[in-house]
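First up is the structure itself, then whatever we jot down about it.
Numbering starts at 1 and runs along the sequence shown. Because only heavy atoms are used, hydrogens play no part in the values below, and waters and symmetry mates are left out as well, while side chains stay in.
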Amino acid sequence: GRTIVSATLNFESRTAPPGFNPQNFDIGTVATFWDQSTVTWNQATGLLYYNAGWTRDIAYPTFVGQDYAINMTGVVQNWANGLFDNEGIGFFSSNYAASPGNNSSLDAYDFSVPTLTVTFE
């Protein structure tokens, strides 16, 4: 029931460029319940995402320490309104859906731990 004034996902690159075939990346809003203590990569690939919860084609980092500030206001407002379940977000190479076996891998060590900063009324 809150109004989300702004929500920004902040992180920085630890490697540049990431993966073996540098590509832009997407951030998707997870719609499927998952348990962090039991989920595996094979199960995670079957998670569903909200169509309206994507930020697409974010440029891959070209230098170590590159800052990212991704606008997540719409996603967080949907969480606050109950339109989206808050199951987190996922990072993917931009061509993952078209070619899952031939894309840049995004690993936990490629970026710093993300911080979501929310301002609300």
If every non-hydrogen atom of [X] is compared with every non-hydrogen atom of [Y], which pair is closest and at what distance?
X	Y	result
Glu121	Val5	CG-CG2, 3.5 Å
Asp85	Trp79	O-NE1, 3.3 Å
Phe33	Leu47	O-CD2, 4.4 Å
Gly53	Thr29	O-OG1, 2.6 Å
Leu116	Met72	CD1-CB, 4.2 Å
Ala59	Phe25	O-CE2, 3.7 Å

Note to self: Holding to side-chain hydrogen bond (donor to acceptor under 3.5 Å, both in side chains), I want the full list of residues that pass it with Asp57, two or more places apart in sequence or in another chain.
What the structure shows: Asn24

Item checked: Residues forming a side-chain hydrogen bond (donor to acceptor under 3.5 Å, both in side chains) with Asn51, sequence neighbours excluded -> none

Distance from [X] atom [atom1] to [Y] atom [atom2], nearest 0.5 Å?
X	Y	atom1	atom2	answer
Trp34	Thr32	CH2	OG1	11.5 Å
Asn10	Phe111	CG	CZ	13.5 Å
Ile70	Leu9	CD1	CG	6.5 Å
Asp67	Phe11	CG	CZ	10.0 Å
Asp26	Phe92	CG	CZ	9.0 Å

Next item on the list: Decide yes or no for Ser6 and Phe120: does some side-chain heavy atom of the first lie under 4.5 Å from some side-chain heavy atom of the second?
Entry: no

Next item on the list: Measure the shortest side-chain to side-chain distance between Val118 and Ile4 over non-hydrogen atoms and say whether it is less than 4.5 angstrom.
Entry: yes

Notebook entry, point to check: Strictly under 6.0 Å, is that where the ring centroids of Tyr60 and Tyr68 end up?
Noted result: no

Check: So, Tyr49 versus Phe84, ring centres under 6.0 angstrom or not?
Finding: no

Checklist line | Ser13 side chain to Gln66 backbone, donor-acceptor under 3.5 Å | finding: yes

Check: Hey, does the side chain of Asp35 reach the backbone of Ser37 with a donor-acceptor pair shorter than 3.5 angstrom?
Finding: yes

Next item on the list: Verify whether one side chain among Asp110 and Thr15 offers a donor that lies under 3.5 Å from an acceptor in the other.
Entry: yes

Notebook entry, point to check: Going by atom types only, do Asn71 and Thr73 share a side-chain donor-acceptor pair under 3.5 Å?
Noted result: yes

